[in-house]
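Keep in mind it's a predicted model, so treat the numbers as computed, not measured. Computed over heavy atoms, backbone and side chain alike; hydrogens, waters and symmetry mates excluded. Chain letters run A, B, ... following the sequence lines, proteins first, then strands; residues in each count from 1.
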Amino acid sequence: MRKPSCDIKLDKNIKNKGVWSKQEDQKLIDYINKHGEVCWSTLPQAAGLLRCGKSCRLRWMNYLRPDLKRGNFGEDEEDLIVKLHALLGNRWSLIAGRLPGRTDNEVKNFWNSHIRKKLIRKGIDPNNHSVNHKIPPLQNQIMSNSLKYFGLKDISKNQTTKTHVDNDDKVSNATSDKDESYALLDLNLELSL
DNA sequence: AAGTAATGCAACCGCCGAATG
DNA sequence: ACATTCGGCGGTTGCATTACT
């Protein structure tokens with residue numbers, strides 16, 4: 001058993017947990033402005049922070065980075081997230097990569113708190129975006145090509161994911177070889193992204 | 001005004017793959 | 001070849017805020 005790379009419970013140097021204070025934010029910002037995004041595991045000590053490197057990285061990536069957009073998602077962004085999710089599933093970092101100034105955490109939260117409910121209200125299954133139509137061969141081919149563009153396997157052919165449905169309100173992307181393929185309605189993604 | 005439920009979001013947890021010794 | 005470390009990711013939790021009764 002290898003020990004966790006960052007174990008808050010075991011590391012005696014890590015005293016702070018939970019919400020970051022303004023002072024901690026400032027220390028992190030100052031350090032990164034001065035030294036850049038260097039080794040996260042040694043950063044906390046070097047910057048005088050009582051946090052683990054992982055926590056520092058998360059704080060910087062999701063909140064402090066100067067190029068972050070913040071604020072509400074626009075309709076165009078929402079639309080793009082839905083389309084990308086139909087194509088990529090819960091690969092939030094890939095989806096966020098197509099949305100300048102947005103983080104994977106932000107996209108994931110937005111999906112779980114807004115988009116999922118919206119799709120359910122419209123009678124669309126947010127997990128597979130299906131409205132009970134089979135994917136026509138041409139559309140299937142487009143999907144397959146799109147996945148190749150992102151450097152991904154075509155999961156519709158043989159994927160068995162680890163998440164599953166506990167109840168109808170839980171996130172799931174359960175698919176298996178036995179599952180049928182469903183249509184991705186309105187998936188007019190530009191393949192030249 | 002007080003209590004409770006629902007919601008949104010920041011942060012944590014645990015796992016994985018790549019890099020390194 | 002193997003063990004270890006690290007960065008990164010997705011899932012989940014917990015808390016603050018808001019809405020409702």
To the side chain of A/Y63, which of B/dA10, B/dC12, B/dT7 is closest?
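Of all the options, the side chain of A/Y63 is nearest to B/dA10.
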Between C/dT12, B/dG8, B/dA11, which one does the side chain of A/K117 approach most closely?
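Given the options C/dT12, B/dG8, B/dA11, the side chain of A/K117 is closest to B/dG8.
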Give a yes/no on whether any side-chain N or O of [X] is located under 4.0 angstrom from OP1 or OP2 of [N].
X	N	answer
A/S93	C/dG8	no
A/S55	B/dC12	yes
A/R59	B/dA11	yes
A/W111	C/dG10	no
A/R51	B/dC12	yes
A/R57	C/dG8	yes
A/R70	B/dC9	no
A/N105	C/dG10	no

Could you give the [atom1]-to-[atom2] distance, from [X] to [N], as a whole number of Å?
X	N	atom1	atom2	result
A/F110	C/dG10	CZ	P	18 Å
A/H114	B/dA6	NE2	C1'	13 Å
A/N112	B/dA6	CG	P	18 Å
A/K108	C/dT13	NZ	P	13 Å
A/W60	B/dA11	CH2	C1'	18 Å
A/L58	C/dG10	CG	C1'	12 Å
A/M61	B/dA11	CE	C1'	15 Å
A/W92	C/dG10	CH2	P	9 Å

Indicate yes or no for a side-chain donor-acceptor contact from [X] to the backbone of [Y] under 3.5 Å, with no hydrogens or angles considered.
X	Y	value
A/R98	A/L80	no
A/Q45	A/T42	no
A/H35	A/Y31	yes
A/K27	A/L49	no

Looking only at heavy atoms, what is the nearest atom pair of A/V19 and A/E24, with distance?
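That would be O-OE1, 4.2 Å.
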Using the rule given for salt bridge (Lys or Arg N to Asp or Glu O under 4.0 Å), can you reason through A/K83 versus A/E78, listing the C-alpha separation, both sets of side-chain angles and the distance that settles it, and then say yes or no?
CA-CA 9 Å; A/K83 287 172 180 173; A/E78 184 178 327; over 6 Å; no
Has the side chain of A/N62 got a donor or acceptor atom sitting under 3.5 Å from an opposite partner on the base of B/dA11?
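There is none.
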Go through the N and O atoms of the side chain of A/K54 and the base of C/dG8, and report whether any donor-acceptor pair is under 3.5 Å.
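Such a pair exists between side chain and base.
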How would you list, by chain and number, every residue that makes a side-chain hydrogen bond (donor to acceptor under 3.5 Å, both in side chains) with A/R57, sequence neighbours excluded?
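side-chain hydrogen bond (donor to acceptor under 3.5 Å, both in side chains) check on A/R57 returns nothing, list empty.
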Contacts to DNA chain C from residues 32-40 of chain A, heavy-atom cutoff under 4.0 Å, which residues?
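DNA chain C contact set from residues 32-40 of chain A: A/C39, A/W40.
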Would A/R51 and A/W20 count as a cation-pi pair here, with the cationic atom under 6.0 angstrom from the ring centre and within 45° of the axis?
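Judged by the rule (NZ or CZ under 6.0 Å from the ring centre, within 45° of its axis), A/R51 counts as positioned above A/W20.
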